[in-house]
Amino acid sequence: MQLKDPALLRQQAYIDGSWVNADLGATNAIRNPANGETIAHVPDMGGDETRRAIAAADAALPAWRAKTAKERAAILRKWFELIMANQEDLAQIMTLEQGKPLAEARGEVAYGASFIEWFAEEGKRVYGETIPAPQGDKRLVVIKQAVGVTAAITPWNFPIAMITRKVGPALAAGCTSVVKPAEATPLSALALAELGARAGIPRGVLNIVTTARPADVGGELTSNPTVRKLSFTGSTPVGKRLMAQCADTVKRVSLELGGNAPFIVFNDADIDAAVKGAIVSKYRNAGQTCVCANRMIVQDGIYDQFAEKLAQAVAAMKVGDGMQADVVIGPLINQAAIAKVDALVADAVGKGATAVAGGARHALGGNFYAPTVLTNVTADMAVAQEEIFGPVAPLFRFKTDEEAVALANNTRYGLAAYFYSRDIGRVWRVAEQLEFGMVGINEGAISNEVAPFGGVKESGIGREGSHHGIEEYLTIKYLCMGGI
Ligand SMILES: NC(=O)c1ccc[n+]([C@@H]2O[C@H](COP(=O)([O-])OP(=O)(O)OC[C@H]3O[C@@H](n4cnc5c(N)ncnc54)[C@H](O)[C@@H]3O)[C@@H](O)[C@H]2O)c1
Ligand SMILES: O=C[C@H](O)CS(=O)(=O)O
């Protein structure tokens, strides 16, 4: 690792403004998914260390929320500037621990930083209201206040952006935060904390607890009554478990969970634009994103042409170590991911699908999977219902608009959906009929800091980003003044 600022590679957890080891000295090795090499060790913490982090966040809360929104914004703005000034180092750390190509990692650093920049400003626009009182001697006022101590549990696929999408609004609102990053990718979180300290975030306001035992740390974060809110990003099964664990202390919960995005291409689509959008949506992060197109649903009239163009583009993708300049498909996160993707492809091919590009583990071996396009895919195949989380595009065929919408909505998930059509009537009808939180129309890249990100059904609760995102960290208080 060749960092301009080696101090950004932190191998201790960050609690109450100090870099600390686990109480018993246990550590967790962090390995490069491209080659299995150990790049660092971080503390393997449990309930005791987590309780201390929560106590630190609680102690820091009064002074932090007493600052004005403008004072908090100045610190967050400085944090944003430091993240961007260290973009190259942060991108290198991310590629080495998560595997995504360096260009994508640079993009994620900027995307993650944008949430800090955005919410520094949003914090200054948390407005209350006055209500015309029904009695002349009363005055009614509504104010908004910080929820308090918050917890964030985040996934490995976006090691910076999934943290800043939570900590940005939390700190801007006046909350404090305890973050448990994914055990595979803690280094990006620790580097963020280092830059936060340099930006002037006071001790205890932001804490990072690392562990190889997520259930132990998560058990404390979800049961400790001092924690008033949990924001979780990850798989739907884990989200359900954490939501249940929060019930005993009636915590506020935000959940950003799994997806199964349909990508519908109608006969009237611009096929070249649709192929471009399919590649952007499907193969980003080697298909390991929650909003990846998971099912390509293509109308009869253009099915063969779309399949041929997509397969041709996919076959040309360079697979390899994300640190190599021309690589566009990096490794999957681990062998379990490889096995899952391979099993899904084998199931589809075994039931009659055809691999017109890829279709197997890559010749590089290890955690590399060949970018794949499957045709003749049918609803009885596992890829129709399971989140693939790999570089595999299954193509389904349809005849009518109604059939396409029914196919698209036939999932327990409801995060992102995409479709390509140039008929304005069809655009409005399909957009309104799709049961998803976000819909890309003639566009495969829909994520940014200004729009509400989130899903319906079993893809989650709440929204991140946009002016909605800060509401997740605020409570509404009604003041009734009598005797006026
Ligand atoms: N909707 C979104 O914005 C979004 C974004 C990224 C990823 N995801 C989803 O996340 C999944 C992939 O990420 P992942 O493999 O890290 O998911 P995961 O659910 O396995 O892990 C997510 C986080 O939860 C922690 N965790 C796991 N079990 C836990 C427990 N019992 N108690 C406390 N914490 C626990 C993990 O350590 C990690 O930090 C996919 O389903 C993807 O769709 C969703
Ligand atoms: O994987 C889920 C992320 O939220 C993807 S995105 O970068 O926000 O689109």
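On a predicted model such as this, the values are computed, not experimentally measured, just so you know. Both ligands and their constituent atoms are indexed starting at 1 by order of listing.
The protein heavy-atom contact nearest to atom 44 (C) of ligand 1 is L257 O, 3.1 Å. For atom 14 (P) of ligand 1, the nearest non-hydrogen atom of the protein is W156 NE1, 3.4 Å. When only non-hydrogen protein atoms are considered, atom 43 (O) of ligand 1 lies nearest to E387 OE2, 2.5 Å. The closest protein non-hydrogen atom to atom 5 (C) of ligand 2 is F158 CE1, 3.7 Å. Of the protein's non-hydrogen atoms, the one nearest atom 3 (O) of ligand 1 is R165 NH2, 2.8 Å. Looking only at protein heavy atoms, the nearest one to atom 5 (C) of ligand 1 is T233 CG2, 3.1 Å. Of the protein's heavy atoms, T154 O, 2.6 Å lies nearest to atom 39 (O) of ligand 1. Here the protein heavy atom with the shortest distance to atom 13 (O) of ligand 1 is P155 CB, 3.6 Å. Among protein heavy atoms, the minimum distance from atom 9 (O) of ligand 2 is reached at S447 OG, 2.5 Å. Protein heavy atom closest to atom 8 (O) of ligand 2, with residue, atom name and distance, is Y111 OH, 2.7 Å. For atom 3 (C) of ligand 2, the nearest non-hydrogen atom of the protein is C290 SG, 3.4 Å.
Between S235 and ligand 1, an N or O atom pair is found at a separation short of 3.5 Å. Below 3.5 Å of separation, one finds no N or O of T236 facing any N or O of ligand 1. Checked against a 3.5 angstrom limit, the closest N/O atoms of G234 and ligand 1 fall inside it. For ligand 1, the polar-atom distance check finds an N/O of E183 within less than 3.5 Å of one of the ligand's N/O atoms. Between N157 and ligand 2, at least one pair of N/O atoms sits closer than 3.5 Å.
Geometrically, K229 engages Y473 in a cation-pi contact, judged by NZ or CZ lying under 6.0 Å from the ring centre and within 45° of the ring axis. Judged by the 6.0 Å distance and 45° axis criteria, R361 is not positioned over the aromatic ring of F368.
Put simply, the side chain of S281 never gets that close to the backbone of G277: no donor and acceptor are under 3.5 Å apart. Between the N367 side chain and the G99 main chain, no donor and acceptor come within less than 3.5 Å of each other. Of the possible donor and acceptor atoms, one in the side chain of N207 sits under 3.5 Å from a partner among the backbone N and O of S177. Not one N or O on the side chain of R165 forms a donor-acceptor pair closer than 3.5 Å with the backbone of E449. Counting only distance, with no hydrogens or angles, the side chain of D216 and the backbone of G47 share no donor-acceptor pair below 3.5 Å.
Distances from atom 42 (C) of ligand 1 to the heavy atoms of F232, Y413, F389 show the closest one on F389. Of the candidates G454, A215, G218, it is A215 that places a heavy atom closest to atom 30 (C) of ligand 1. The residue from P214, G258, G259 that puts a heavy atom closest to atom 33 (C) of ligand 1 is P214. Closest heavy-atom approach to atom 7 (O) of ligand 2 within the set R284, E108, E464: this belongs to R284.
Distance remark: protein heavy atom not present below 4.0 angstrom from atom 21 (O) of ligand 1.
If you number the atoms of ligand 1 from 1 as listed, the ones under 4.0 Å from a heavy atom of M162 come out as 5 (C). Which parts of ligand 1 touch N157 is read off a 4.0 Å heavy-atom cut-off, strictly below it: atoms 6 (C), 7 (C). Counting the atoms of ligand 1 from 1 in the order shown, those under 4.0 Å from a heavy atom of C290 are 1 (N), 2 (C), 3 (O), 4 (C), 5 (C), 8 (N), 43 (O), 44 (C). Within ligand 1, the atoms closer than 4.0 Å to a non-hydrogen atom of L242 are 32 (N), 33 (C), numbered from 1 in the order shown. Near V238, with a cut-off below 4.0 Å to any heavy atom, the atoms of ligand 1 are 19 (O), 26 (N), 27 (C), 28 (N), 29 (C), 35 (C). Here is the list of ligand 1 atoms found below 4.0 Å of a heavy atom in I153: 23 (C), 24 (O), 25 (C), 34 (N), 39 (O). For ligand 1, the atoms sitting less than 4.0 Å from at least one non-hydrogen atom of L415 are 1 (N), numbered in the order shown with element in parentheses. Listed by number with element, the atoms of ligand 2 under 4.0 angstrom from any heavy atom of V291 are 9 (O). Annotation for ligand 1: atoms under 4.0 Å from non-hydrogen atoms of E256 are 1 (N), 2 (C), 3 (O), 4 (C), 44 (C).
Atom NZ of K340 has more than 12 heavy atoms from other residues, nucleotides or ligands within 6.0 Å. More than 12 heavy atoms of other residues, nucleotides or ligands sit less than 6.0 Å from atom CE of M323.
At a 4.0 Å heavy-atom cut-off, ligand 2 touches T289 through backbone and side chain alike. Residue M162 touches ligand 2 through its side chain alone, judged by heavy-atom distances below 4.0 Å. If you look at F158 next to ligand 1, there are no close heavy atoms at all, none under 4.0 Å. Under 4.0 Å from ligand 2, the heavy atoms of R165 that appear belong solely to its side chain. With a heavy-atom cut-off of 4.0 Å, R241 touches ligand 1 through its side chain alone.
When ring centroids are compared, F115 and F80 stay outside the 6.0 Å threshold. Two rings, from F389 and W156, have their centers less than 6.0 Å apart.
Remark: the T222 side chain and the Q245 side chain contain an N/O donor-acceptor pair separated by less than 3.5 Å. Using modelled atom types and a 3.5 Å distance limit, the side chains of Q433 and N409 yield no donor-acceptor pair. No hydrogens or angles considered: a donor-acceptor pair under 3.5 Å links the side chains of S188 and E97.
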Give the table of side-chain donor-acceptor pairs shorter than 3.5 Å for residues 13-28, with sequence neighbours excluded, one pair per line with atom names and distance.
residue: D16; atom: OD1; partner: R203; partner atom: NE; Å: 3.3
residue: D16; atom: OD2; partner: R203; partner atom: NH2; Å: 2.7
residue: N21; atom: OD1; partner: Q12; partner atom: NE2; Å: 3.1
residue: D23; atom: OD1; partner: R52; partner atom: NH2; Å: 2.4
residue: D23; atom: OD2; partner: R52; partner atom: NH1; Å: 3.2
residue: D23; atom: OD2; partner: R52; partner atom: NH2; Å: 3.3
residue: N28; atom: ND2; partner: E183; partner atom: O; Å: 3.3

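Rounding to the nearest 0.5 Å gives a distance of 9.5 Å between CD1 of I333 and NZ of K100.
Counting heavy atoms from C-beta outward, V314 and T372 have side chains that stay 4.5 Å or more apart.
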Start with the C-alpha gap between K276 and D272, add the side-chain angles, then the distance that decides, and say whether salt bridge (charged side-chain N to carboxylate O under 4.0 Å, His left out) holds. CA-CA 6 Å; K276 181 171 177 282; D272 290 327; over 6 Å; no

I'd like to know whether Y413 forms a ring pair (Phe, Tyr, Trp, His ring centres under 6.0 Å) with F436, so could you lay out the CA-CA distance, the side-chain angles of the two residues, the decisive distance to 0.1 Å, and finally the verdict. CA-CA 8 Å; Y413 292 107; F436 294 84; 9.6 Å; no

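Between S459 and the choices L255, T411, L415, T236, the side-chain contact (heavy atoms from CB on, under 4.5 Å) rule is met once, by L415.
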